[in-house]
Amino acid sequence: MSTPEPKRQIHLVAHFPGVNSTTVWTDPSAGSQIDFDSFRRFAETAERGLFDYIFLAEGLRVREHGGRIHDLDVAGRPATLAVLTAIASITRHIGVVGTLSSTFNEPVELARQLASLDHLSGGRAGWNVVTSPDAFHGGNFRRGGFLPYADRYLRAEEFVRLAKQLWDSWGADAVLADRSSGRFVDPEAVRGVTHDGPQFDVAATSTVPRSPQRYPVIVQAGDSPAGRGFAAANAEIIFSRHTGFADGQQFYRDVKGRLPAAGRSEDSLLILPGASVVLGDSAADAHERSREIGFAQTSPQTAIAWVEAIWGRELPGLDPDGPLPTTQPGDTEQRQGQVSTRVDDRIARAEQLRARAAAEHLSVRELVVAETAAHSFVGTPEHVAAELDRHVQGRASDGFVLVPHLTPHGLDEFVDRVVPLLQERGVFRTAYGSAGIPNPTLRQTLGLPDPPGLGAISGVELVDAVVSSSEGASA
Ligand SMILES: Cc1cc2nc3c(=O)[nH]c(=O)nc-3n(C[C@H](O)[C@H](O)[C@H](O)COP(=O)(O)O)c2cc1C
């Protein structure tokens with residue numbers, strides 16, 4: 001008799017609410033997005049629930065709508081690396097992963113900051129590499145439109161490659177701290193990194209010794225073919241939008257199918273779609289809660305602003321409880337700074353929305369709820385646990401980035417009611433370090449292989465880049 005295959009294990013990520021349009025900050029129980037107490041509370045729940053890591057998205061510029069600050073969504077969360085460092089100091093096992101742009105940062109400085117986070121967290125750091133190269137964000141840095149859209153991943157690729165050289169530039173034994181000889185550093189074990197490429201011209205010596213994980217875990221969020229190619233070559237995790245079962249399977253197959261060409265194995269990259277969960281004591285109760293939350297996430301003003309962003313024009317007098325506008329879309333970008341509102345063909349999108357509203361008899365606000373606040377998993381804890389398991393066993397994902405709608409207690413119910421059921425199913429850990437490692441790094445918690453030497457990890461060649469390093473580093 002053949003032994004059954006072991007069950008695939010689910011990975012869970014806790015997305016701190018905010019930097020999106022679905023956080024219900026108006027709820028009477030909602031806490032601050034800014035005070036450290038919120039991050040502490042959130043992190044304690046996520047670690048109690050044995051999540052793999054806490055994740056922070058990042059918006060580099062305050063969003064605008066119609067040329068004014070977009071005043072409907074929560075904003076103002078403190079900067080990513082500062083928050084993650086503070087979280088690392090009050091947790092022991094959970095990973096800390098942040099979103100940082102490869103377009104508007106510089107490799108030497110960012111590599112230094114990330115290596116520092118990896119040191120200070122004891123090897124629990126991760127970096128979500130985003131490109132977000134639009135002119136609006138660039139304006140923040142006096143670099144509006146400096147990077148052609150087509151080059152966004154060339155820069156990201158060169159950035160990551162250079163960062164890895166910097167992270168590898170101190171040998172494992174470079175810090176001598178030898179009191180008898182008085183020598184602190186072994187110069188033979190630290191190499192300078194010189195790099196002359198299309199995006200970066202750098203001659204640098206890293207100021208930070210090799211960190212516990214050598215590199216932070218590399219995450220990617222981007223959906224274009226170029227983004228998928230970049231992920232297959234460089235990323236260890238993809239944060240995806242493909243949460244549905246069939247859609248998830250298709251994305252999973254596509255991206256995992258790209259790995260062999262990059263010289264990588266299937267288990268070297270995890271795919272974790274964003275997901276929202278609404279629980280109830282019965283299916284009907286959960287669906288009713290989901291409906292209420294959807295409307296709380298979509299105020300009448302939010303619904304109008306969303307339609308204006310798609311329509312590319314102001315829509316004065318639009319009734320949120322009435323039908324979609326009969327006016328044809330214009331071409332004025334209404335919303336700036338929100339990735340998900342990018343529309344390539346406004347007329348086609350408007351027609352698609354009109355068709356859905358007509359078929360389902362939806363008002364403007366009901367349509368926006370259906371389009372933007374449809375929750376991924378709705379039902380009793382038993383139903384939700386079974387569904388999450390089905391997605392992972394069915395290779396529609398390797399787990400989920402859970403995006404709660406409330407700060408800071410939005411994951412409490414999931415941790416109390418769903419996590420134990422996943423454990424009973426044998427698909428989720430019952431302790432950190434259960435593989436026999438008492439203080440696992442984030443990469444070990446995720447079950448990802450150690451990073452190979454520089455060069456082998458990247459399957460994409462930078463045609464014009466000249467990459468060189470002086471000799472002498474110890475391995
Ligand atoms: C699920 C998901 C989450 C993202 N989160 C962020 C974010 O927090 N901050 C950001 O600047 N860009 C974010 N992005 C934008 C992407 O990282 C990427 O820069 C952009 O989508 C362009 O890449 P693409 O053309 O491959 O999609 C996100 C994208 C996706 C798909």
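These numbers come from a predicted model, not from an experiment. Indexing begins at 1, ligand by ligand and atom by atom, following the structure's order. Only heavy atoms go into these numbers, but all of them, side chains included; no hydrogens, no water, no symmetry mates. Heads up: numbering here begins at 1 and tracks the sequence.
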Original post:
Do Ser290 and His375 have a side chain donor and acceptor closer than 3.5 Å?
Top reply: yes
**OP:** Using only heavy-atom distances, determine whether the side chains of Asp52 and Thr445 contain a donor-acceptor pair under 3.5 Å.
**Re:** no
Subject >> Glu47 with Arg40: basic N within carboxylate O range, under 4.0 Å >> reply: no
Subject >> Among His70, Gln301, Gln336, Arg335, the one residue meeting side-chain hydrogen bond (donor to acceptor under 3.5 Å, both in side chains) with His65 >> reply: Arg335
Subject >> For ligand 1, the residues whose heavy atoms come within less than 4.0 Å (ordered by chain, then number) >> reply: Ala57, Glu58, Thr99, Val130, Thr131, Ser132, Tyr149, Arg152, Tyr153, Ala221, Gly222, Asp223, Ser224, Gly227, Phe239, Arg241, Val339
Original post:
Tell me the ring pair (Phe, Tyr, Trp, His ring centres under 6.0 Å) pairs involving residues 75-115, sequence neighbours left out?
Top reply: His93-Tyr432, Phe104-Phe141
Original post:
Sub-3.5 Å donor-acceptor pair from the side chain of Gln297 to the main-chain atoms of Thr22, do we have one?
Top reply: yes
